[in-house]
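Here is the structure we will look at.
Start at 1 and go down the list; that is how both ligands and their atoms are numbered. Computed from a prediction, not measured in an experiment: that's the story for all the values here.
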Amino acid sequence: MLDGAAIARQIRLELQDRVAAFTTVQGRPPGLGIVLVGEDPSSEIYVRNKLKAAGESGLRADLRRLPATASLHDLLDVVTTLNGSPIHDGILVQSPLPAALGRDAEQVVFDAVDQLKDVDGFHPENVGRLVQKRPYLVACTPLGVMELLARSGIAVDGARAVVIGRSDIVGKPVSLLLMHRNATVTICHSRTRNLPELCASADILVAAIGRAAFVTPDFIKPGAVVIDVGINRVTDAGLVQRLFPEGSQRRADFERRGSLVVGDVHPAVADVAGALTPVPGGIGPLTIAMLLANTLKAAEARCSASR
Ligand code: NDP
């Protein structure tokens, strides 16, 4: 098991000195503005974890809440205010946005965030820079995947990597980052034919699908490195019983809470893979650590540019 939580703790520890130095020189900590629209329960948890992690690492983090009934105009007003705020170096608009804001709302909002404060790496300028291999701020989850591979001593150069998922948030940027590190990358999606066979050719398999336990042992080349990005809340007792043996901790957790977070990778993959990230405790904590790293990077860059 690749212990993402331990690696994330280490990264956060390493950031502390830089955060302290920034705070001393600037007379204020690096600042992150988080915008949350509506009351999506998963988003509430993600935002709470981000605020807590930022506080623990000495950053300032402020939450701007808008009701689910807010208009796109209201949301853009908040983004504009944060763009102009001298104490906020990073801006994060938590997705998903309420469907009532319209299909293109997320892109409109990500486009409106100041690219120098775009700690999620979703602004087209930052995406373009990543494509051209001169990245500035890169999406946190893909960065977390790369950091985990690097710190776990997993060779990427020359490796055959298969990524399942082509989203702007995970699949596409992680594929680019792997390619820039000289992996030979295949990107798969819902229309891919012969998915298990393609995946079984991978030295490194990244699953970013959003389907619980979708990747089964027949997808895996023995000894391969498997990175499970998926976060799926399961409430189906039958599925939990099929995935986890009687008497296991996971079953007990499910019985206590009535739900369980599982990844895109089936637990039986652990018997075939050479290395595997757990869910929870894998890529999730690294995503938060990279958000803090991006905020500090944006803060340092803004302050050195204004000197
Ligand atoms: P999206 O829904 O945006 O993308 C899912 C991708 O999976 C799409 O490209 C889709 O293909 C592909 N896919 C869906 N079904 C299949 C299938 N049957 N076979 C092959 N490919 C399929 O999801 P995200 O990228 O935003 O997130 C993916 C997962 O990662 C989710 O579980 C999410 O919760 C999790 N996540 C975790 C984070 C973390 O911090 N650990 C951060 C962000 C996301 P197509 O394009 O053809 O529709």
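For the pair Y46/I231, a side-chain contact is recorded, criterion being any heavy-atom separation below 4.5 Å from C-beta on. R60 has its side chain within reach of H88: a pair of non-hydrogen atoms, C-beta onward, lies under 4.5 Å apart.
For atom 19 (N) of ligand 1, the nearest non-hydrogen atom of the protein is F214 CZ, 3.6 Å. Protein heavy atom closest to atom 13 (N) of ligand 1, with residue, atom name and distance, is I209 CG2, 3.5 Å. Ranking protein heavy atoms by distance to atom 46 (O) of ligand 1, first place goes to R166 NE, 2.8 Å. Here the heavy atom of the protein found nearest to atom 26 (O) of ligand 1 is S167 OG, 4.1 Å. Of the protein's non-hydrogen atoms, T141 OG1, 3.2 Å is the one closest to atom 42 (C) of ligand 1. Of the protein's non-hydrogen atoms, the one nearest atom 43 (C) of ligand 1 is V170 CG2, 3.8 Å. Nearest protein heavy-atom contact of atom 33 (C) of ligand 1 is I231 N, 4.1 Å. Of all protein heavy atoms, the one closest to atom 31 (C) of ligand 1 is G210 CA, 3.6 Å.
Residues P245 and R251 share a closest heavy-atom pair of O-CG, 3.5 Å.
At a threshold of 4.0 Å, the pair R151-E14 counts as salt-bridged, since one of the basic side-chain nitrogens sits closer than that to a carboxylate oxygen. Using a 4.0 Å cut-off between charged side-chain N and carboxylate O, R160 and D203 make no salt bridge. Ionic pairing of K52 and E56 is present here: one or more N-O contacts between side-chain nitrogen and carboxylate oxygen are shorter than 4.0 angstrom.
For atom 41 (N) of ligand 1, the nearest non-hydrogen atom from the set I169, V229, D228 comes from V229.
Within a 6.0 Å sphere centred on CD of E39, other residues, nucleotides and ligands contribute 12 heavy atoms or fewer. Within a 6.0 Å radius of CZ in R256, more than 12 heavy atoms belonging to other residues, nucleotides or ligands are found.
Looking at N194, its side chain never comes within 3.5 Å of a backbone N or O of E197 through a donor-acceptor pair.
Set against the non-hydrogen atoms of N232, the atoms of ligand 1 under 4.0 Å away are 32 (O). Taking every non-hydrogen atom of I164 and a distance limit under 4.0 Å, the qualifying atoms of ligand 1 come out as 20 (C), 21 (N). Set against the non-hydrogen atoms of G284, the atoms of ligand 1 under 4.0 Å away are 40 (O), 41 (N). Of all atoms in ligand 1, listed by their number and element, those nearer than 4.0 Å to a heavy atom of G165 are 6 (C), 7 (O), 9 (O). The atoms of ligand 1 that sit less than 4.0 Å from any heavy atom of T287 are 39 (C), 40 (O).
For ligand 1, the polar-atom distance check finds no N/O of R191 at less than 3.5 Å from any of the ligand's N/O atoms.
Ligand 1 has no atom lying under 4.0 Å from any heavy atom of C188.
Cation-pi check for R250 over F244 is met; the charged atom lies under 6.0 angstrom from the ring centroid and within 45 degrees of its normal.
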